[in-house]
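What follows is a set of notes on a single structure, which appears directly below.
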Amino acid sequence: MTATARMAMLDLRTIAPYHYQSLFAFGASVLVFGGKPVWLLPGLVLIFSAQIAPFPFRVADKAGLETLYGVLPVRRRSVVYGHYLWAVAVFLATATAGTALALLLAWAESVPFGGRTLLTMLALSWATYSVNIAIQFPVLIRFGYTSGSVLGTTLPLAVIIGTLYKTHLTVASMQDWIALVAVVGLVVFAASAALAVTADRRRMRHRANWRTA
Amino acid sequence: MSSDLAFALRGVGAVVGRNFALRDVSFELPTGYVMGLVGANGAGKTTIIRCLLGLREIDTGEIELLGHRVPAPADLRQDVGVVLDHAFLVGDWRLTEVERALRPFYPRWDGARYRQLLDEFGLDLRAKVKDLSRGMSMKLMIAVALSHQARLLLFDEPTSGLDPVARDELAGIIGDFLLDEGHSVLYSTHITADLDRIGDYVTLVHNGRIVRTGTKDEILDAYRVVRGGPDDLSGLVGVELIGARRTSSGTEALVRTEEADLLGGDVLVEAPTLEAIAVHIGARAPRPEPRPLSTGRIA
């Protein structure tokens with residue numbers, strides 16, 4: 001296992017004691033969007049995944065895990081990339097479970113849910129999620145969860161809602177741009193990871209002692 | 001780089017914020033010994049440890065850690081265990097989960113040793129980190145460090161807040177750790193009594209500077225505590241009174257041993273304890289404003 005993968009696993013372990021809360025959030029999201037199977041996946045990603053992915057930052061802030069990251073035999077770069085790999089894993093897990101649930105609900109409710117619509121929803125979910133994480137993670141890495149969470153959560157939502165409002169995107173119009181939407185998400189995600197490494201370096205320079213880590 | 005040294009700092013300087021800097025910090029610890037890093041709160045002990053681990057960039061000088069120049073390869077941290085007075089772990093982890101979380105990072109992790117140490121320390125595997133007392137948290141971190149077979153233990157103020165029994169236990173644990181000649185310990189503290197039992201070397205830190213470093217006996221031999229009447233210790237030439245405490249009944253201060261001979265016969269001269277040395281050095285002039293360090297950044 002690479003150092004980045006080990007760090008992603010550590011993020012999973014970090015939130016593992018709180019799995020009941022995570023399952024509750026997942027169930028609540030399903031209840032909210034279950035009536036519209038087509039929108040279940042983007043809804044789950046926007047509400048559930050976007051809350052779970054930064055959850056390790058919240059626990060880390062409370063527990064002083066920055067000190068742990070500092071003494072583990074891994075490079076800082078791997079710590080940062082580990083958070084991003086964790087975010088990808090959260091998306092993949094949500095997408096897998098969400099897709100299966102959406103198809104099941106669509107079948108049960110006799111809602112038409114074709115392959116192209118599914119692909120569009122997957123691409124839309126990935127794009128909104130990647131923009132969300134791309135803005136949120138560098139802020140959390142630079143300022144920590146306590147100081148950065150308000151900006152980190154509101155800014156991406158404003159960007160996503162503003163973009164959807166300005167471009168008047170609909171499911172039908174997006175079907176022609178599936179690949180582009182997915183690639184844009186990937187590029188934004190990768191650029192954010194690179195930016196986060198710089199943000200982390202700046203934060204490390206400004207850390208004064210163990211406890212403010 | 002010398003393989004006989006657990007670590008060495010040579011001319012290290014680092015500006016920390018606006019009001020503090022390490023300046024020309026130089027000291028070293030031979031492998032197989034315990035060094036006490038002694039200084040008041042804010043003297044720079046934690047900053048030195050952070051520099052040693054490569055967690056803080058230095059502006060001047062160089063640092064050697066276990067034969068490697070810092071910043072060293074990240075893998076080298078497998079050989080270093082860090083123990084603070086609290087556990088920097090998720091509070092809701094049980095001690096079994098601590099092992100599950102950390103084991104992937106350490107190829108030499110010994111799970112049987114971890115469980116054996118927890119058992120020896122009286123720690124329940126099912127206990128949660130947040131429910132451990134300070135002393136138990138510290139023991140947990142020692143168990144973690146010994147389970148990944150660290151060669152160098154760095155303790156940062158481990159005994160602040162511990163009762164005497166727990167401090168005595170810690171001394172015993174460190175003694176056992178040092179049975180292996182390849183093991184070394186750096187022990188930062190302002191409670192000097194701990195070092196009377198386990199310290200081989202002592203480094204005195206004050207305002208980001210090293211005041212003196214050497215074996216414990218050398219440090220004790222280097223100073224004398226002097227006491228005199230209100231006029232006995234005033235107007236002396238060639239004698240620096242370190243951390244002089246003046247009361248209406250007299251004055252007490254620390255002087256360098258070679259300067260003690262210059263004092264008059266009315267002055268009482270005594271061998272100091274480590275605590276007396278630390279107290280008087282800590283009472284010296286207030287922290288100076290740092291100036292920018294001129295030489296190039298190397299770490």
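To find a chain, count down the sequence lines: A is the first, B the second, and so on, and within it residues start at 1.
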Self-check item: Smallest separation among heavy atoms of A:A63 and B:G91, with atom names
Solution: CB-N, 4.4 Å

Practice problem: Looking only at non-hydrogen atoms, find the nearest pair between A:Y18 and B:D92 and report the distance. | Solution: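 Heavy atoms of A:Y18 and B:D92 come nearest at OH-OD2, 2.6 Å.
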
Quiz item: Around B:R108, counting heavy atoms of other residues, nucleotides and ligands shown, do more than 12 lie under 6.0 Å from its CZ?
Solution: yes

Quiz item: Checking heavy atoms, do the side chain of A:V74, its backbone, both or neither come under 4.5 Å from chain B?
Solution: both

Exercise. Can you measure from CZ (A:R6) to CZ (B:R103) and round to the nearest 0.5 angstrom?
Key: 13.0 Å

Quiz item: Just how far is it from atom OH of A:Y69 to atom CZ of B:F105, taken to the nearest 0.5 Å?
Solution: 9.0 Å

Quiz item: Who among A:M9, A:M7, A:K62 has the most heavy-atom pairs with chain B under 4.5 Å?
Solution: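 Ranked by heavy-atom pairs under 4.5 Å with chain B, first place is A:M7.
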
With a 4.5 angstrom heavy-atom cut-off, which part of [X] approaches chain A: side chain, backbone, both or neither?
X     : result
B:R94 : neither
B:V90 : both
B:L76 : neither

Quiz prompt | Heavy-atom side-chain proximity of B:L102 to A:L72 below 4.5 angstrom | solution =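 In contact.
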
Quiz item: Would A:V71 and B:V80 count as a side-chain contact (heavy atoms from CB on, under 4.5 Å) if you check the C-alpha gap in whole Å, the side-chain angles of each, and the deciding distance to 0.1 Å?
Solution: CA-CA 8 Å; A:V71 302; B:V80 181; over 6 Å; no

